[in-house]
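Input: a single structure, listed below in structure tokens.
Heavy atoms only: backbone and side chains are in, while hydrogens, waters and symmetry mates are out. First the proteins, then the strands, lettered A, B, ... as listed; each starts at 1.
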Amino acid sequence: MKRTFGVLVFLTLALGLLPAGLMAQSTLNWVAHPAYSLSGTDPKRVEYIKKNVDEWQAANPKVTFTANLLSTNAAEAAAKMMEQAIQGRAPDLAQLDGYLMPGYVPYLQPLDDLLKKANIDPKDFFPFALNAVKGKDGKVYGVQFTTDVRVLYYRKDLVPTPPKTWDDVLKMGADLKAKGYDAFLFPAGRAEGAPNTSIYPMFWGQGGELVDSKGKASFAAGANREKLINIFAFYKKLTDAGITPARVSNYGNEADQNADVATGKVAMFLGGSWQVAQLKSIIGDAELAKWGVARIPQKAGAKNATSAGGWAWGIFTKDPAKRQAAFDLMMKVYAGDPGMAGWTSVAGYLPTRKSVYKSPAFASSTYTDTFKEILDSDGNIRPSSPEYPKISTELQIALSSVVSGSKTPEQAVDDAWKAVTQ
Amino acid sequence: MSKTNVLSRSYQSDGPFFWLLPLAVVSLGVFVLPIIQIVGMSFTEATFRDPSDAFTLASYGKLFSNPDFVSMLVVTLAFVVPSVILQVILGFAIAMFIDSAGDRRLPGTMIVRTAVLAAWALPGVVAGVVWKMMFSELDNGLVMTLVRFVSPEAQPRFLSSSVPALVSCVVANVWRGTAYSMILIYAGLKTFPKELYEAAVIDRANLWQRLFKITIPVLSPLLLICVLLITVQTFNTFDLLRALTGGGPGRSTEVIVLNIYRTIFTEFDLGRGSATAMVLLAINILMTWVYFRFLTNKEE
């Protein structure tokens, strides 16, 4: 009898404590790009993340986390995340492509109160980085924690003054070509880097609009058509004159040009800020020191403009405790004052908050001041319209066709317009 | 006898139903249901953002009225036809060479066979990256170096011009796919009745006569199967082309599978992507039907 009573007491206690234990321990589902996660291949990054995650875990003992990875294919990752968000299966904390943030806003939690509590002033963000995460209600729905910028790289020993206009490029390019250099490279193949670096900055510089206020494609409507044709005609002149080798029609991303740069025969190219770190490891400090960065050359009379990118964190969970824990995690590792300075320094990206550039914890490079200045004054992001992926693909095809010589600029623009608006 | 025993006996004695059940369940889950879903999706205008399931023929309308649809089919055929022909011819030649070298006990037969198989064993994406490096248009590209050795002033454009890019894709695909036809044909040669050759030699038939009057006619059933299987495989080639050209420059190497991938995974257009997938499925079903018709005729 005593034994039976003892077993009953034990079971009652065990069953009573079990739910309490389960409730006290919550699991945060965290999804990140592999290169931004504990599963990355760069030991320095992984060491930095592990140290900060361990500290966060020590401060949040009641929260455990499961880390999952995004596909390394950004388009696939975005498609899957959108599907999960629509179906209500999105992770608690997710890394999202900055320019696609407006599409996720209906499913994300606002973070204004948490940002205020963490003493983060939204005005400290670059305007493009703040606008990307703001909803129509004016609330902030995410934190863009890294950015990058497209610029002109030029060899200072060959190009004493970087070209500001297309005419300058053509003139300098012809001289450099005569001396045996690949004078001016730009990505013109089938990937996002081609339109983002080689088309949009020059299109925005002329006042072009990829989509209208309703998010409908407008890149070749009305006066926009002429602006796009101008860009393609400029590139056609470059390839026809041999200033740009036709092989760029197979370079979809900015980094595809790195092998060319390593040959020492390239004088100028359009690329991204992240290439500084890549080139440093490929050509070394001494060769890298020969390179300068400047604004992307524009059509005469056009204003300066460039394209900025980067990643953001968004919180999908509605559970207040998990929301706070997710916010603390992203601030600790990536987006708080020391977090953003630490992560951008170790990973080679640019901070999205102006104050972080002044932080002693931020490891700046020779190029950082120029990047910051260009980002602050000329930064634009791609539209997050549902039609954008189609626009991007068709512009990649159009640019690649013009540079490879299979279409005229007019044909390429009209075909792209037909394909998008069909 | 218990009822269970009666049931199990009847399954065992009445036919293959019981034994095929596991396979049927797996096939239903892994093949049939996804196909049904794709068929259903092709009759919608669903996208990732708007998973609409309203019935419509709009996706097919968009697909068939798009001028790029015809050019995509032309590019696909221009990739598939030479790839298949060259893979079969080269596979046949290498199989003959290895078989004949084996008969003569020449050294190195195993090395050649392994080298050819290695190309087939490589993942497509790796083969694509390797060939992209080989076709590099920089001065230090491997193929470029060979061309410049012959003609120092040449400026070949392997991947940056429409027709050469397609030719480069065919070359890379043939390099990778030849091993498959070689294996099939080599297996056929191993069971080849050698006394036919001996009789031909007595009749003073030369090499070409032996090839066209004996070898090819005897191996023709196998060759047809080889052609059909390689054709289906080549229509479905994705990873190699994705890594090598990504469909460019322009659309010059964008075959059907690349188009499906682009439509679904970069444009998020599930409806039109599924409609295009149905075209590929129709081609594959046609090839499979020919294959089974042929096998059935042979058995009869």
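Contacts with chain B were tallied for Q87(A), M82(A), E192(A), R190(A); R190(A) has the most, counting heavy-atom pairs under 4.5 Å. For chain B, the option among A419(A), P389(A), P245(A), S392(A) with the highest count of heavy-atom pairs below 4.5 Å is P389(A).
Between K418(A) and N66(B), the closest side-chain pair of non-hydrogen atoms is not below 4.5 Å. Counting heavy atoms from C-beta on, the side chains of S404(A) and R157(B) come closer than 4.5 Å. In this structure the side chain of T263(B) never reaches within 4.5 angstrom of the side chain of K390(A), judged on heavy atoms.
With a 4.5 Å cut-off on non-hydrogen atoms, S65(B) touches chain A through its backbone and its side chain both. With a 4.5 angstrom heavy-atom cutoff, E394(A) touches chain B only via side-chain atoms. Using a 4.5 Å cut-off between heavy atoms, A191(A) makes no contact with chain B at all. The contact between Y261(B) and chain A is made entirely by side chain atoms (from C-beta outward), counting heavy-atom distances below 4.5 Å. With a 4.5 angstrom heavy-atom cutoff, T266(B) touches chain A via backbone and side-chain atoms both. The contact between L244(B) and chain A is made entirely by backbone atoms, counting heavy-atom distances below 4.5 Å. Neither the backbone nor the side chain of Q155(B) comes within contact range of chain A; no heavy atom of the residue lies under 4.5 Å from a heavy atom of that chain.
Looking at every heavy atom in both residues, N250(A) comes nearest to T245(B) through OD1-O, 4.0 Å. Counting all heavy atoms, side chain and backbone alike, S400(A) lies closest to P249(B) at OG-CA, 3.1 Å. Closest non-hydrogen pair, S160(B) versus R247(A), comes out as CB-CA, 3.6 Å.
In K80(A), the NZ atom is not crowded: 12 or fewer heavy atoms of neighbouring residues, nucleotides or ligands sit closer than 6.0 Å. Within a 6.0 Å sphere centred on NZ of K407(A), other residues, nucleotides and ligands contribute more than 12 heavy atoms. Summarising the local packing, NZ of K236(A) is surrounded by 12 or fewer heavy atoms from other residues, nucleotides or ligands at distances under 6.0 Å. Around atom CZ of F55(B), more than 12 heavy atoms belonging to other residues, nucleotides or ligands sit under 6.0 Å away.
Note: E267(B) CD to Y388(A) OH = 12.0 Å, rounded to the nearest 0.5 Å. From T263(A), atom OG1 reaches atom CG of N140(B) across 8.0 Å, with rounding to the nearest 0.5 Å. Distance check, rounded to the nearest 0.5 Å: CD of E387(A) to CZ of F268(B) gives 13.5 Å. Remark: I397(A) CD1 to R262(B) CZ distance equals 4.5 Å, nearest 0.5 Å.
Residues passing the salt bridge (Lys or Arg N to Asp or Glu O under 4.0 Å) test with K265(A) are D139(B), sequence neighbours excluded.
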Output, in order, the C-alpha distance, side-chain angles, deciding distance and verdict of side chain to side chain contact (heavy atoms under 4.5 Å, CB included) for D415(A) and R251(B).
-> CA-CA 12 Å; D415(A) 287 353; R251(B) 287 186 203 273; over 6 Å; no
